[in-house]
Amino acid sequence: MSALPDSDLASPAARKLLAWYDNHARDLPWRVGPAERARGERPDPYRVWLSEIMLQQTTVAAVRAYFHTFTTRWPSVAALAAAPEDDILKAWAGLGYYSRARNLKKCAEAIVADHGGTFPQTVEGLRALPGIGEYTSSAIAAIAFDVPAPVVDGNVERVVTRLHAIETALPRAKPEVRTIVGEMLDAGRPGDFAQAMMDLGATICTPKRPACLHCPLRGDCRALATGDPERFPVKAPRKDKPRRVGAAFVLTRPDGAVLLEKRGGTGLLAGMTQVPTTGWTARADGETGREAAPFQSLDWVRCGAVAHVFTHFSLDLTVWRATGDLAPRAGQWWSPAEELGGEALPTVMKKAIGCALPGTF
DNA sequence: GAATCGTGGTT
DNA sequence: TAACCAAGATT
């Protein structure tokens with residue numbers, strides 16, 4: 001007997017989906033599977049929250065190692081709230097969208113300070129916390145607390161626009177998708193339903209070459225009936241990505257230490273660590289030469305270029321290297337070679353340092 | 001609504 | 001190779 005039987009209110013599609021999920025759920029470190037859930041086991045809201053923040057616009061494969069690192073080092077929301085922000089940024093380095101890491105700390109602090117160290121159990125209560133928006137509030141409420149909330153992420157948008165062959169382009173179709181999910185969802189197993197929809201989108205109803213023959217909803221899918229399910233969801237064409245240029249300056253001390261500094265508190269890579277750089281300008285003839293280097297007395301040598309793609313522009317970074325031993329300017333410090341890997345260096349900076357000091361990253 | 005905000009994998 | 005995409009949030 002299941003602890004949370006399928007509700008009589010569930011749509012036929014939801015019942016088929018849950019039956020599929022009971023046999024094909026992905027095994028994920030932050031997840032309580034359908035069998036354990038039916039036995040009454042509940043997920044840890046802290047782990048659900050942490051995973052949902054990490055998974056925003058980020059693949060499961062990329063999240064796994066970070067999730068393990070974070071939960072090992074900070075096993076509870078109280079532990080995370082007590083951690084210095086710099087430690088969290090260092091541990092987040094490489095995962096991207098760094099405002100998530102700063103909001104993670106703020107959110108943990110708010111839960112400890114305003115909620116007695118336990119997570120709010122309503123969509124509205126969760127939604128009011130830093131870094132938690134429409135999707136994440138619904139997902140945590142459904143998965144951690146079995147609140148019957150419509151959970152709509154990119155997977156669900158794809159599944160639903162295909163099921164109903166919705167011609168309206170995203171994001172304009174999102175309200176309609178939410179309504180449909182709200183009508184579909186199983187009031188008996190809201191958490192499993194939300195995760196089942198996402199698993200279906202991730203493993204069967206994929207963006208390219210969906211495995212419709214294995215889909216539990218194939219008999220209900222209007223997009224499949226059209227013969228071209230890949231055509232959905234309809235999306236507006238993307239704007240092309242501008243190219244920017246800049247230069248990075250890797251200064252090493254004779255003992256191998258590297259000169260680093262902290263970026264400002266707002267904008268791109270806010271609060272993260274970098275080597276000195278020029279601004280990154282949209283001008284193709286922007287400053288990329290040694291005349292832009294700090295410490296003009298040093299013998300700067302051009303050692304190559306790195307290409308890096310951000311969300312809304314591509315960057316071609318000319319990399320310069322020099323060796324010297326001088327006093328860091330305000331806000332700068334020498335990072336010993338053996339500590340470099342622990343710094344809050346975003347990937348673009350690891351590329352630049354690796355270009356100047358082969359074998360470092 | 002549009003722009004901003006990272007990175008790595010897939011096609 | 002370039003485009004697309006991934007459990008989106010914030011301003």
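Proteins come first, then strands; the chains are lettered A, B, ... in the order of their sequence lines, and each starts at number 1.
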**Q** Decide yes or no, distance alone: a donor-acceptor N/O pair under 3.5 angstrom between the base of dA2(C) and the side-chain of R238(A).
**A** no

**Q** Centres of the F310(A) and H308(A) rings: under 6.0 Å?
**A** yes

**Q** Would you kindly give the CG-to-C1' distance between N155(A) and dA7(C), to the nearest whole Å?
**A** 7 Å

**Q** With rounding to the closest Å, how many angstrom separate the C1' atoms on dA9(C) and dG9(B)?
**A** 23 Å

**Q** Is there a donor-acceptor contact under 3.5 Å linking the side chains of Q56(A) and R100(A)?
**A** no

**Q** Can you build the contact string for nucleotides 1-11 of chain B? Use B for base contact, S for sugar-phosphate-only contact, and - for no protein heavy atom under 4.0 Å.
**A** -SSSBBBS---

**Q** Heavy atoms only, 4.0 Å cut-off, all strands: where does L315(A) land among base, sugar-phosphate and nothing?
**A** nothing

**Q** Please give, in whole Å, the distance from dG8(C) P to L104(A) CG?
**A** 16 Å

**Q** Over all strands shown, is R31(A) touching base, sugar-phosphate only, or nothing at heavy-atom distances under 4.0 angstrom?
**A** base

**Q** What distance, rounded to whole Å, do you find between the two C1' atoms, one in dG6(B) and one in dC4(C)?
**A** 15 Å

**Q** Without decimals, in angstroms, what is the distance between R158(A) CZ and dC5(C) C1'?
**A** 8 Å

**Q** Would you say M184(A) and V156(A) make side-chain contact, with heavy atoms under 4.5 Å?
**A** no

**Q** When all nucleic acid strands are considered with a 4.0 Å heavy-atom cut-off, which category describes W30(A): base, sugar-phosphate, or nothing?
**A** base

**Q** Answer yes or no: is there a donor N or O on one side and an acceptor on the other, between the side chain of T278(A) and the main chain of A247(A), under 3.5 Å?
**A** yes

**Q** Between V60(A) and D240(A), just flag the one whose closest nucleotide in DNA chain C comes earlier from the 5' side.
**A** D240(A)

**Q** Roughly how far apart, to the nearest Å, are dA3(B) and dA7(C) at atom C1'?
**A** 22 Å

**Q** Listed in order of residue number, which residues of residues 129-136 of chain A have a non-hydrogen atom at under 4.0 Å from DNA chain C?
**A** P130(A), G131(A), I132(A), G133(A), E134(A), Y135(A), T136(A)

**Q** Is a side-chain N or O of S137(A) found less than 3.5 angstrom from the main chain of G133(A), in a donor-acceptor match?
**A** yes

**Q** Any sub-3.5 Å donor-acceptor pair from T161(A)'s side-chain atoms to R158(A)'s backbone N or O?
**A** yes

**Q** Please report the shortest heavy-atom distance between H312(A) and P242(A), naming the atom on each side.
**A** O-CD, 3.3 Å

**Q** Starting from C1' on dA9(C), measure out to CG on D153(A) and report it in whole angstrom.
**A** 14 Å

**Q** Is it true that R231(A) and E167(A) have a side-chain N and a carboxylate O under 4.0 angstrom from each other?
**A** yes

**Q** State yes or no: are the ring centers of W92(A) and F70(A) separated by less than 6.0 Å?
**A** yes

